[in-house]
Amino acid sequence: MAFTPLHDRVLVRRVESDEKTKGGLIIPDSAKEKPAEGEVVAVGAGAKDDEGDRIAMDVKAGDKILFGKWSGTEISLDGEELLIMKESDILGIIA
């Protein structure tokens, strides 16, 4: 894939949720919510401050993250559904 986000944007692949509950019930597709968990695929170089210096990004490719339910814009690259969002839309990194 030849895509690099600009500035403080991040390219994210959603992590698929489980098909079953802990109790063993199967969740139909119509009842599933889109997961708010994902893996960072690529990051931009970072935003610039008032002096023109780059602000380092807090996430890097490969990080597992949580983001808001309505965060980002869905895009399709090479037939894969991905999200592009600002770093500020990310709620945290999963250790």
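Model, not experiment: these values are computed from the prediction. Positions are given from 1, in the same order as the sequence printed here.
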- Message: Quick check: do Val12 and Ile65 have side-chain heavy atoms less than 4.5 Å from each other?
- Response: yes
- Message: As an exercise, state the distance from CG of Leu82 to CZ of Phe3, rounded to the nearest 0.5 Å.
- Response: 9.0 Å
- Item | Reported CD1-to-CG distance for the pair Ile84 and Asp89, which is rounded to 0.5 angstrom | 11.0 Å
- Are Ile93 and Leu66 grouped together when hydrophobic residues (ILVMFWY) are joined by side-chain heavy atoms under 4.5 angstrom apart? no
Could you go through residues 50-61 and list every donor-acceptor pair under 3.5 Å that involves a side-chain atom there, pairing it with any protein atom two or more places apart or in another chain?
{"from": "Arg54", "atom 1": "NH1", "to": "Gly46", "atom 2": "O", "distance (Å)": "2.6"}
{"from": "Lys60", "atom 1": "NZ", "to": "Asp63", "atom 2": "OD1", "distance (Å)": "3.0"}

- State the CZ-OG1 distance between Arg9 and Thr4, to the nearest 0.5 angstrom. 13.5 Å
- Can Arg13 and Glu80 be counted as an ion pair, charged N to O under 4.0 angstrom? yes
- Roughly how far apart are Glu81 CD and Ser76 OG, rounded to 0.5 Å? 4.5 Å
- Closest approach of Leu83 and Ser71, non-hydrogen atoms and distance? CD2-O, 4.2 Å
- Connected via hydrophobic side-chain network under 4.5 Å: Val41 and Ile75: yes
- Query: Hey, does Thr73 have a side-chain heavy atom less than 4.5 Å from the side chain of Met85?
  - Reply: no
- Reported NZ-to-NE2 distance for the pair Lys48 and His7, which is rounded to 0.5 angstrom: 8.0 Å
- Note: Glu37 and Phe67 closest approach over all heavy atoms is C-CE2, 3.7 Å
- Derivation of the side-chain contact (heavy atoms from CB on, under 4.5 Å) call for Val10 and Ile90: CA-CA 9 Å; Val10 179; Ile90 297 172; 4.1 Å; yes
- Hey, what do you get for CG (Asp8) to NZ (Lys86), rounding to the nearest 0.5 Å? 4.0 Å
